[in-house]
Each structure stands twice: as C-alpha cells, then as structure tokens.
Amino acid sequence: APTDVYVDDDFSSEDAGSHTWQVDAFSTVADGVNSVATNGTVHVAPGLYETTDNTAILRPMTLLGPNGSDPEDPSLSAIVRRTNCSYTISVVADDVTVSGFTVEQGNPEDYQSCGPTIRVLAVQSSNPTFAIHGVTITHNNVGGGYRGIMLRGDSGSGTVTFNKVH
C-alpha cells in the first residue's frame with residue numbers, strides 16, 4: 001500500500017491528475033483511509049465528501065485536510081459530511097491524527113438526537129484494560145452530533161486542540 005494517498009472529489013478513472021486512480025488517488029475519504037499504508041498520510045483536497053457510512057480509521061495514519069492551520073477558511077475546506085444521523089469519523093487505532101477538516105453530520109434540526117461526529121474508542125478488544133493512545137484531533141471545524149467529539153473511557157491518551165465544535 002502507498003504511504004501517501006490523495007483524495008479529491010474531482011478525481012475519477014478518467015482524471016486523477018498526476019496520480020494513479022484507485023492506487024494513490026481516490027474520490028472518497030473512506031477509500032483513501034482504507035488504501036493507505038500503516039503510518040501513511042491521506043491528503044484530502046478541498047471539496048465536499050458526503051457519505052452515508054462511518055469512516056473508520058483502523059490503523060495508525062494521518063488524515064490531513066487542506067485547512068490544518070485555519071479550520072474556518074471556506075476556500076480551503078474539505079467538508080466530510082455524514083448525510084444521516086450517526087458517527088462521521090471513528091478512530092479505532094493508536095497513533096492517528098485527524099487535522100484540517102470541516103466534519104458535519106445529519107441535518108442541523110437533528111443534531112440533538114445524533115451521535116458524536118468524531119469518536120475515539122477501542123471497540124476491537126474485549127480486554128477491559130485495552131486503550132487507544134496517541135490520537136490527535138486538531139484544527140477541525142466540527143458541527144452536528146450532541147457531543148461533537150467523543151473520547152470514550154477506553155480512548156486512553158491523546159490530544160484534542162484548536163477545534164471549533166458547534
């Protein structure tokens with residue numbers, strides 16, 4: 001698997017820029033996450049990435065949006081939007097960074113009944129002492145969900161900084 005993959009909502013089998021379609025170039029965030037090597041980076045271009053499924057991060061990686069230093073600049077936004085009322089991004093691995101996105105969920109009218117937009121949890125282990133460590137969630141604009149960003153008790157150690165949650 002490639003250590004760097006690129007996601008652009010304009011990529012297609014006919015045009016993936018200087019990249020190779022379905023090898024290091026994808027049009028959905030989930031496909032990029034599922035295809036990058038362990039400890040690799042998924043580079044996401046500005047655009048709208050709507051999904052009805054949870055994007056689950058199951059191994060160490062960096063998920064890097066274009067507005068890592070300014071989550072409020074709309075010209076740079078990579079908007080990851082779950083169109084129904086459930087988790088948008090789930091981190092289920094150590095050493096994951098999610099930075100530089102606008103992450104949304106459902107309809108604004110439904111926010112109070114939706115689950116968290118970004119969650120960190122250790123679901124793959126029945127060991128009660130197991131925990132996720134080294135997760136960084138930074139420079140994101142998070143909207144929707146009645147909890148915004150959720151760190152479960154099994155989320156262990158991590159850093160959540162410079163996010164706007166509303």
Side-chain angles (χ1 to χ4, degrees), residues 1-107 114-124 132 134-145 148-150 158-160 162-164:
T3 56
D4 287 281
V5 301
Y6 299 86
V7 176
D8 189 318
D9 62 345
D10 294 326
F11 281 168
S12 68
S13 59
E14 290 83 32
D15 183 10
S18 62
H19 305 287
T20 305
W21 177 245
Q22 298 295 311
V23 174
D24 70 340
F26 303 92
S27 61
T28 70
V29 174
D31 286 346
V33 164
N34 293 334
S35 300
V36 72
T38 298
N39 296 313
T41 301
V42 180
H43 304 269
V44 182
L48 176 60
Y49 303 91
E50 289 189 317
T51 183
T52 57
D53 296 319
N54 174 39
T55 298
I57 301 175
L58 304 174
R59 63 187 171 285
M61 70 179 65
T62 297
L63 181 60
L64 184 61
N67 49 336
S69 62
D70 185 358
E72 297 203 36
D73 185 341
S75 68
L76 299 176
S77 290
I79 302 168
V80 180
R81 180 182 296 150
R82 176 98 185 237
T83 56
N84 53 2
C85 212
S86 191
Y87 311 110
T88 305
I89 297 173
S90 293
V91 177
V92 193
D94 291 333
D95 303 318
V96 171
T97 297
V98 177
S99 178
F101 292 92
T102 295
V103 185
E104 301 175 343
Q105 176 189 77
N107 269 318
C114 292
T117 303
I118 300 174
R119 68 178 175 166
V120 179
L121 68 160
V123 297
Q124 77 271 29
I132 299 290
V135 173
T136 301
I137 300 173
T138 186
H139 292 99
N140 298 290
N141 185 351
V142 180
I149 299 171
M150 179 179 82
T159 305
V160 177
F162 304 110
N163 296 285
K164 179 180 179 185

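When a residue number appears, it is its place in the shown sequence, counting from 1.
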*Say you draw a straight line from CD1 of Ile149 to OG1 of Thr117; how long is it, rounded to the nearest 0.5 Å?*
8.5 Å

*Just how far is it from atom CD of Glu50 to atom CD of Glu104, taken to the nearest 0.5 Å?*
9.0 Å

Looking at side-chain heavy atoms only, is the closest gap between [X] and [Y] below 4.5 Å?
{"X": "Leu63", "Y": "Val96", "value": "no"}
{"X": "Asn141", "Y": "Val103", "value": "no"}
{"X": "Val80", "Y": "Thr88", "value": "yes"}
{"X": "Pro46", "Y": "Ser77", "value": "no"}

*asked:* Assess, by modelled atom type and distance only, whether the side chains of Asp31 and Thr28 contain a donor and an acceptor separated by less than 3.5 Å.
replied: yes

*Do the side-chain N and O atoms of Arg82 and Thr51 include a donor-acceptor pair separated by under 3.5 angstrom?*
no

_Nearest heavy-atom neighbours spanning Met61 and Val42_ = SD-CG2, 4.3 Å

*Could you pull out the closest heavy-atom pair between Pro66 and Ala45, with the gap in Å?*
CG-C, 4.2 Å

Name each donor-acceptor pair under 3.5 Å that joins a side chain in residues 2-11 to protein atoms two or more places apart or in another chain, with its distance.
unit_1 : atom_1 : unit_2 : atom_2 : d
Asp4   : OD1    : His43  : NE2    : 2.7
Asp8   : OD1    : Asp10  : N      : 2.8
Asp9   : OD2    : Leu48  : N      : 3.1

_Determine whether Val135 and Thr159 satisfy the following criterion, side chain to side chain contact (heavy atoms under 4.5 Å, CB included), listing intermediate values before the conclusion._
CA-CA 6 Å; Val135 173; Thr159 305; over 6 Å; no

_Just to verify, what does Thr52 make a side chain to side chain contact (heavy atoms under 4.5 Å, CB included) with, not counting sequence neighbours?_
Thr83, Asn84

*Under the side chain to side chain contact (heavy atoms under 4.5 Å, CB included) rule, collect the residues that match up with Thr97, sequence neighbours excluded.*
Thr62, Ser99, Thr136

*Derivation of the side chain to side chain contact (heavy atoms under 4.5 Å, CB included) call for Ile132 and Leu121*: CA-CA 7 Å; Ile132 299 290; Leu121 68 160; over 6 Å; no

*Could you check Val92 against Val120 for side chain to side chain contact (heavy atoms under 4.5 Å, CB included), going step by step and ending with a plain yes or no?*
CA-CA 6 Å; Val92 193; Val120 179; over 6 Å; no

*Given Phe101 and Val44, is the side chain to side chain contact (heavy atoms under 4.5 Å, CB included) satisfied, shown in steps?*
CA-CA 9 Å; Phe101 292 92; Val44 182; 3.7 Å; yes

